[in-house]
Amino acid sequence: EVQLVESGGGLVQSGGSLTLSCAVSGFTFDDWAIGWFRQGPGKEGTGVSCINTRDPSLDYSTYVADSVKGRFTISADKAKNTVFLQMNNLKPDDTAVYYCGAAPMGPAALPCESELNDYWGQGTQVTVSP
């Protein structure tokens with residue numbers, strides 16, 4: 001059974017930091033693009049950052065949305081089948097439910113779009129106060 005279990009959300013003041021974790025089980029970690037997606041109040045869901053770990057040189061493929069570039073960093077611990085999202089300098093606009101999603105890797109670029117995901121976690125709320 002495939003499971004994606006998120007943790008690490010919460011309430012933080014503007015400028016603060018949070019780290020989200022997504023623990024994955026039930027499939028081969030390297031064969032999937034695993035990422036973070038968010039949906040804020042009254043907004044459409046968007047891809048935030050995604051990663052694939054199949055490069056044996058540890059030069060993992062990553063995608064980071066322009067809106068969070070320089071503030072958010074995605075990483076992975078293959079030994080723990082876990083993907084992390086370090087979020088720094090959080091802004092009220094970052095307030096959203098953050099979901100972990102997984103899409104199968106193909107020969108093309110790293111997929112990081114909601115409609116490509118086959119699996120989803122339950123979501124974790126991130127609230128940034130002014």
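Positions are given from 1 along the sequence. Model, not experiment: these values are computed from the prediction.
Residue Gln3 holds its CD atom at 9.5 Å from CD of Gln122, rounded to the nearest 0.5 Å. The CD1 atom of Ile51 lies 6.5 Å from the OG atom of Ser75; values are rounded to the nearest 0.5 Å. Taken to the nearest 0.5 Å, the CD1 atom of Ile34 stands 12.0 Å off from the OG atom of Ser49. Rounding to the nearest 0.5 Å gives a distance of 11.5 Å between CG of Asn52 and SG of Cys112. From Ser114, atom OG reaches atom CD of Gln39 across 8.5 Å, with rounding to the nearest 0.5 Å. Once rounded to the nearest 0.5 Å, the distance linking CG of Asn88 with OG of Ser17 reads 4.0 Å.
Legend: ring pair (Phe, Tyr, Trp, His ring centres under 6.0 Å) pairs involving residues 31-76, not counting sequence neighbours, sorted by first then second residue: Phe27-Trp32, Trp32-Tyr119, Phe37-Trp120. Here salt bridge (Lys or Arg N to Asp or Glu O under 4.0 Å) pairs that include residues 35-46, with residues two or more places apart or in two chains, are Arg38-Asp94.
Ser57 and Asp59 form no side-chain donor-acceptor contact under 3.5 Å, judged by distance and modelled atom types alone.
The two residues Leu110 and Ala33 have their closest heavy-atom pair at CD1-CB, 3.6 Å. The nearest pair of heavy atoms linking Ser14 to Pro130 is CB-C, 4.0 Å. The shortest non-hydrogen separation linking Gln125 to Thr95 is NE2-CG2, 4.1 Å. Residues Leu85 and Val48 share a closest heavy-atom pair of CD2-CG1, 4.3 Å.
Asp31 is not listed as a side-chain neighbour of Met105, based on a closest heavy-atom distance of 4.5 Å or more. In this structure the side chain of Thr124 reaches within 4.5 angstrom of the side chain of Leu20, judged on heavy atoms. With a 4.5 Å cut-off on side-chain heavy atoms, Gln86 and Leu18 do not count as touching.
Residue Lys80 places its NZ atom among 12 or fewer non-hydrogen atoms of other residues, nucleotides or ligands, all under 6.0 Å distant. With a 6.0 Å radius and a threshold of 12 heavy atoms from other residues, nucleotides or ligands, Glu115 has its CD atom above the threshold.
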Could you walk me through whether Val83 and Ile74 satisfy the side-chain contact (heavy atoms from CB on, under 4.5 Å) test, starting with their C-alpha distance in whole Å, then the side-chain angles of each, then the deciding distance to 0.1 Å, before giving a yes or no?
CA-CA 7 Å; Val83 173; Ile74 194 167; 3.8 Å; yes
Check the pair Met87, Arg71 against side-chain contact (heavy atoms from CB on, under 4.5 Å), reporting the backbone distance first and the verdict last.
CA-CA 6 Å; Met87 305 186 294; Arg71 300 188 297 122; over 6 Å; no
Quick one, Asp30 with Lys78, criterion side-chain contact (heavy atoms from CB on, under 4.5 Å). Give me CA distance, side-chain angles, the key distance, then yes/no.
CA-CA 8 Å; Asp30 288 352; Lys78 291 179 62 171; 3.0 Å; yes
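Both Val12 and Val68 belong to a common hydrophobic cluster when Ile, Leu, Val, Met, Phe, Trp and Tyr are linked at side-chain heavy-atom distances under 4.5 angstrom. Under the 4.5 Å side-chain heavy-atom criterion for ILVMFWY residues, a single connected hydrophobic cluster contains both Val2 and Val24.
The residue from Ser21, Cys22, Cys100 that alone fulfils the side chain to side chain contact (heavy atoms under 4.5 Å, CB included) condition with Thr82 is Ser21.
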